[in-house]
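To keep things clear, I will list the structure first and then write my remarks on it.
Each residue takes its place number in the sequence, starting with 1. Order of listing sets the numbers, starting from 1, for every ligand and every atom in it. Side chains included, hydrogens not; waters and symmetry mates left out as well; all remaining heavy atoms used.
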Amino acid sequence: MSFDVNIIREDFPILKQKIRKKDLIYFDNGATSQKPKMVIDRMNDYYNTENSNVHRGVHYLSQIATDAMEAARDKIKDFINAGSIKEIIFTKGTTEAINLVASSFGRAFIDKGDEIIISEMEHHANIVPWQMLCQEKDVKLKVVRINDDGSLNIEHFKSLLNKNTKLAAITHISNVMGVINPVEEIIEAAHNFDIPVLLDGAQAVPHVEVDVQKLNCDFYVFSGHKMYAPTGIGVLYGKEKWLTKMPPYQTGGEMIKDVSFEETTFNELPFKFEAGTPMVAEIIGLASAIDYMYSIGINNISKYEHELLDYATEQLLGIDGLKIIGTASPKAAVISFVLEGIHHYDAGSILDQLGIAVRTGNHCAQPLMKRMGINGTIRASLAFYNTKEEIDILVKSIDRVKSMLL
Ligand code: PMP
């Protein structure tokens, strides 16, 4: 398909809105993306015609809902090229998926004296669950340094690997800088020590093709809402060999085989990790978002977003006093910057008055802010429905911010 951004924008009802009497310019896709009509309609259809609880019912609607949910699981399996649907666990999002692994893998495989590796560029969701586990089990948290350009210091990573390391949990793409980490090299180096690797893919799945078998990662986690799907649905991919040995994270209905007051046996994968009624509409919505992305083509998305990223980088660098945080390549379409003499919050508030939605602050990455010697950035995170014209308006608006505040 040839890529026509004007046609694509028609698919997103929210983009037609005026915000503060201005055309909405939405550059906060890293926080959450907008949803195409196809996804919204699919979820409405589900509630209008198919809604029922899944897995337990013999009646028609329950079977339809179960089929739709399990077809979605199969689609998600193909989307990241997992080997089996047993390896696709539905969670509420990336955060819950990481908590699941920290809790369950932690209980089964991590003990006093062990070490866990994360990096300086992690989102808090990939820091705090490990920190809690380390405190509970007397385990050491090792932190990979990053270089001044925002790239991961791969040599430092390799130097941290040893026989006590039990897991490395690293982001695939930085939510602050857009920097794409050398995940293949990370995984290969860790596997040389038989160390499993969890990749935080929250910022990767909207932008690049992900193949978990090719990557050979042990766990891969992501959220639907950053990839044009609803909130409240995320995915944990885990290699079957790990998931089989891991204890349940939460317990209750759905995840059991037999329950008596003496003993409970657990359901098979993936249901062992899905206690309670699942988020059926959201799961179906996620499958629909994948269909939407396929209709555009993941490679077309990456290519167009790269053009936007290059254009935005060039234009922004032309602004006096603007510094981009994270200049390493390769990068996905996320740009963080600071403006000399201007607080990010003030800049963000003025941009908002001009109809431009950017995110300001520490982006749930306080250790990264500390490493970069700043207390926050202005972040423009782009999606394939953004345009060069919108970037031109951002650049002009930053000039306006400067003239108002300096
Ligand atoms: N990791 C990264 C890299 C993220 O960007 C985010 C969301 N900002 C998360 C984890 C947490 O995702 P969620 O809030 O959807 O659980």
Side-chain angles (χ1 to χ4, degrees), residues 26-35 76 80 89-103 118-132 143-144 146 150-152 168-181 183 186 197-208 210 215 217 219-237 249-250 279 282-283 285-286 289 305 325-326 328 330-336 357-369 371-372 376-383:
Y26 189 76
F27 283 147
D28 196 18
N29 298 287
T32 201
S33 64
Q34 298 303 346
K35 321 302 173 201
I76 292 155
I80 57 168
I89 314 290
F90 292 124
T91 66
K92 152 162 104 66
T94 306
T95 305
E96 191 182 41
I98 297 173
N99 273 278
L100 189 162
V101 179
S103 165
I118 58 169
S119 86
E120 274 181 333
M121 71 171 87
E122 300 310 315
H123 186 282
H124 296 161
N126 200 28
I127 300 175
V128 188
W130 306 114
Q131 198 169 45
M132 298 279 289
V143 182
V144 189
I146 64 165
S151 57
L152 189 104
I170 306 285
T171 195
H172 189 169
I173 296 184
S174 159
N175 67 310
V176 177
M177 306 178 291
V179 169
I180 304 178
N181 281 323
V183 284
I186 288 170
V197 177
L198 176 145
L199 293 182
D200 174 351
Q203 297 293 337
V205 283
H207 300 295
V208 296
V210 171
L215 286 170
C217 55
F219 300 101
Y220 197 94
V221 296
F222 60 96
S223 300
H225 69 95
K226 295 177 197 286
M227 50 170 286
Y228 316 103
T231 51
I233 177 65
V235 172
L236 162 65
Y237 158 79
Y249 172 54
Q250 294 182 337
M279 332 62 163
E282 288 75 12
I283 291 168
L286 174 56
E305 287 182 351
I325 304 297
K331 265 179 79 158
V334 178
I335 312 181
S336 261
V358 289
R359 188 144 294 247
T360 58
N362 62 47
H363 315 291
C364 295
Q366 284 181 11
L368 176 63
M369 297 298 118
R371 161 65 182 86
M372 292 308 202
T377 77
I378 302 155
R379 182 185 71 181
S381 47
L382 314 178

Around atom 3 (C) of ligand 1, find the nearest protein heavy atom and jot down its residue, atom name and distance. Asp200 OD2, 3.4 Å
Starting from atom 4 (C) of ligand 1, locate the nearest protein heavy atom and write down its residue, its atom name and how far away it is, to 0.1 Å.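 That would be His123 CD2, 3.4 Å.
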Below 4.0 angstrom from a heavy atom of Ser223, which ligand 1 atoms are there? Numbered from 1 as shown, please. 12 (O), 13 (P), 15 (O), 16 (O)
Report yes if some heavy atom in the side chain of [X] is under 4.5 Å from a heavy atom in the side chain of [Y]; otherwise report no.
X	Y	answer
Met372	Thr377	no
Asn181	Met121	yes
Val210	Tyr220	yes

Before signing off on this row, confirm whether Lys226 and ligand 1 have an N or O atom pair separated by under 3.5 Å. yes
Check: Thr95 N/O within less than 3.5 Å of ligand 1 N/O: yes
Under a 3.5 Å cutoff, is there a donor and acceptor pairing between the side chains of His207 and Glu305? yes
Any idea which of His225, His363, Gln203 brings a heavy atom closest to atom 5 (O) of ligand 1? Gln203
How far apart are the closest heavy atoms of Asn362 and Val176, and which atoms are they?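 Taking every non-hydrogen atom into account, O-CG2, 4.5 Å.
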